[in-house]
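This report concerns only the one structure given below.
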Amino acid sequence: MDKMPAWADAVLVPLFSLLLAALLSALVILAIGESPVEAFKLMVDGALMRSSGWGYTLYYATNFIFTGLAVSVAFHAKLFNIGGEGQATVGGLGVALICLYIPWPHWSLALVGAALGAAAFGALWALIPAYLQARRGSHIVITTIMFNFIAAALLNYVLVNLLKPAGQMDPASPVFPAATHLPTFQDMFATEAMPLFRGAPGNVTFFVAIAACLAVWVLIWRTRLGYEIRALGHSESAARYAGISPVKIVVVAMLISGGLAGLMAVNTAMGEAERLVMNATEGAGFIGIAVALMGRNHPIGVFLAAILFGFLYQGGAELALWTNIPRELIVVIQALVILFTGALDNMVRMPLERLFLAFGRKERA
Amino acid sequence: MDFATLLQVLDSTVRLATPLLLACLAGLFSERSGVIDIGLEGKMLIAAFFSAAIAALTGSVWMGLGAGIVSSVLLSGLHGLASITFRGNQLISGVALNFLAAGLTVLIAQDWFSQGGRTPSLMGAGRWEAITLPFAETLRAVPVLGPIYYELISGHSILVYVALLCVPATWWVLFRTRFGLRLRAVGEAPEAVDTAGVSVVGLRYAAIVICGLLCGLAGSYLATGLQAGFVKDMTAGRGYIALAALIFAKWRPWYALMACLLFGLLQAVALRYQNIDFGGITIPVQVMDALPYILTVVILAGFVGRAIPPRAGGEPYVKER
């Protein structure tokens, strides 16, 4: 049977879905009596036209790269990890413990330590759902959802009963020591003459995220383990026949996925808040689903989609500041992107495919 | 703990279990037909908003209920379009609908009422009134049974009784009617149903409409019965607890009632006591919060009685594969 060329599948289908989502969002903005063009201008102004806007956009994007990669690694093994939120929450716990209880001499060492801690804690939180899926056949979607709630309760307990300094009202850990302060974009790029990225939370973790993109690409397409993950994702029976152990691959893929989601906490806890607060993940674990779907589970796609969502987040904050459009507009856009690129994929693809086939026939005739 | 406190906790258990029960039965219909639904949360949320908003605008709780049900059924229809007609991934569709509801409700609430994503507080006819069952006042003086009847059984809004009646109704529909037999069959072996000449698509859409209807009741009870108005994200994970209860109940109506009452009790206890002293050991409130989820994971793990979902759940049906 004829098929669409691969580039069309990878580029046109997500692009079309995005267009549909944008169109519907514009209608929503119209319906609440605001101008979509004005709104878009405001978003671009706030997120992309100033360096501090970029500082925020890239800060959000860093979170989404990690969670997007987490979801896509699991997707390659045909596992749907909705637990990014919980894994990032527990990852934050790892970051906090490592920053608070180890006297780091320099931020670079602290970054390595905190990243390891975050990844280890995140992976640990994915381990039980992974094991239950692999060994007991419990559906990973349900167990990871449940673990999100358990993680929230756990964090609540640890912050309120264990980490909160005596006398402090809000449930948060003490402020991390100054030596663990990660350089922000402002620290790195601003000079006397050019005060760039002023006050923006974007920090060195962004480069860690880029490194993670590279690492995931190498892992998935250039290593034996990646091959086994993809093989399992395509067909479990074929993978089994080839001598791949599904139990092992499911657990390993989920550990990597959980570790990546956990890494996000380095950015939020260490890079921005410099302490652990309640609900620091702010739904980034779920945005990872949209990012992975839109990025077609490829690190480059995930990177681009994460930047797009970073822009939407920062732009959305600007909108909420200057207009009557609440931040929740972004949640609607996110929902539409997930709907079109994930669930209604066939609706977008079928007409496009037909179009391509029609053209293909004409050329041959 | 004295008798009066116990009654109060049990009374609030019934109230808190009601939305869980309605959503759980909603999920039961959908999943028994082979359509996995993690969008219960979103449907409840959108129904909660529209029932509160329309009740606030018209002053009639019944109009609110109607609007809530319509919105929830529409969202259900979208889930059907994605997962039945276009054979998309049902899990992803559910996730998308939850976000859609979370975003849209606040967006519309802000546009209509400008109160930061909430509806005005409902009063009078905008809320469900408590129904006093016959003889509740006269029997109140009877020791033990009187207060139980007065406090626990009587004095709830009509949706509580509707929810409780839904349990035998669901059992009867699923296990004693032709429609129920087909519905269960389509969740286990859709190809067999198709061979028998019954429409798989039609049955699944029917299940999804029932699911939307019940979620509409749940959301309406939440915003116009349990509380007096809509606030942002007011479902607060109840849709997922209902999902957990559904697994806990192994997709059976009577067990669903038990599971929802249990989870309702946990919520009621967590609401009333911050920490519980239990023979020297203090149980923090967070354990109560997490317990429904932990119990569900244990059940899912199959260590205490295995929960086996309908066989065709999550699989879009393709004719003549």
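Chain identifiers are assigned alphabetically (A, B, ...) following the order of the sequence lines, protein sequences preceding nucleic acid strands; residue numbering begins at 1 within each chain.
For B:L78, the part sitting under 4.5 Å from any heavy atom of chain A is the side chain, from C-beta outward, and nothing else. Proximity to chain B is absent for every atom of A:I333, based on heavy atoms less than 4.5 angstrom apart. For a residue to count as touching a neighbouring chain, one of its non-hydrogen atoms must lie under 4.5 Å from one of that chain's; by this rule B:I38 touches chain A with the side chain only. For A:F340, no part lies near chain B; criterion is any non-hydrogen pair under 4.5 Å. Of the atoms belonging to A:L329, heavy atoms from both backbone and side chain fall under 4.5 Å from chain B.
Distance check, rounded to the nearest 0.5 Å: CD of A:Q334 to CG of B:L100 gives 10.5 Å. Annotation: the span from B:F99 atom CZ to A:I289 atom CD1 amounts to 6.0 Å, rounded to 0.5 Å. Atom NE2 of A:H139 sits about 9.5 Å away from atom CD1 of B:I247, to the nearest 0.5 Å. To the nearest 0.5 angstrom, B:S93 atom OG is 10.5 Å from A:I338 atom CD1.
Heavy atoms from other residues, nucleotides or ligands lying under 6.0 Å from CZ of B:F113 number more than 12. Around the NZ atom of A:K164, the shell of radius 6.0 Å holds more than 12 heavy atoms that belong to other residues, nucleotides or ligands. The environment of B:Q115 atom CD is dense: over 12 non-hydrogen atoms of other residues, nucleotides or ligands sit within 6.0 angstrom.
A pairwise comparison of heavy atoms in B:D111 and A:A31 identifies OD2-O, 4.0 Å as the closest pair. Considering all non-hydrogen atoms of both residues, A:A153 and B:A290 come closest at CB-CB, 3.7 Å. Listed here is the closest heavy atom pair of B:A301 and A:L132: CB-CD2, 3.5 Å. Taking all atoms of both residues into account, the shortest heavy-atom contact from A:M146 to B:A244 is CE-CB, 3.7 Å. In plain terms, the two heavy atoms of B:F86 and A:N346 that are nearest each other are O-ND2, 2.7 Å. Residues B:L104 and A:V332 share a closest heavy-atom pair of N-CG2, 3.5 Å.
Interface summary for chain B: among A:I145, A:T143, A:V28, A:D345, the most heavy-atom pairs under 4.5 angstrom belong to A:I145. Contact count against chain A (heavy-atom pairs under 4.5 Å) is highest for B:L91 among B:I36, B:D289, B:L91. Most heavy-atom pairs under 4.5 Å with chain A: of the set B:V106, B:N89, B:N98, this distinction falls to B:V106. Your options are B:S83, B:G42, B:G103, B:G94, and the one with the most heavy-atom pairs under 4.5 Å with chain A is B:G103. Ranking B:R87, B:H79, B:Q110, B:Q90 against chain A, the residue ahead of the rest is B:Q110, based on heavy-atom pairs under 4.5 Å.
Ring geometry for B:Y293 versus A:F149: interplanar angle under 30°, hence parallel rather than tilted (30 to 60°).
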- Give the C-alpha distance, both sets of side-chain angles, the deciding distance and a yes or no for side-chain contact (heavy atoms from CB on, under 4.5 Å) between A:L293 and B:I92. CA-CA 10 Å; A:L293 285 170; B:I92 295 176; 3.7 Å; yes

- Step by step, would you call B:V285 with A:Y157 a side-chain contact (heavy atoms from CB on, under 4.5 Å)? CA-CA 8 Å; B:V285 65; A:Y157 176 76; over 6 Å; no

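Partners of A:S237 according to the side-chain hydrogen bond (donor to acceptor under 3.5 Å, both in side chains) rule, which considers only residues two or more places apart in sequence or in another chain, are A:S235. Residues that satisfy the side-chain hydrogen bond (donor to acceptor under 3.5 Å, both in side chains) test with A:N156, not counting sequence neighbours, are B:Q286.
You'll find the side chain of A:N148 stays beyond 4.5 Å of the side chain of B:Y240, heavy atoms only.
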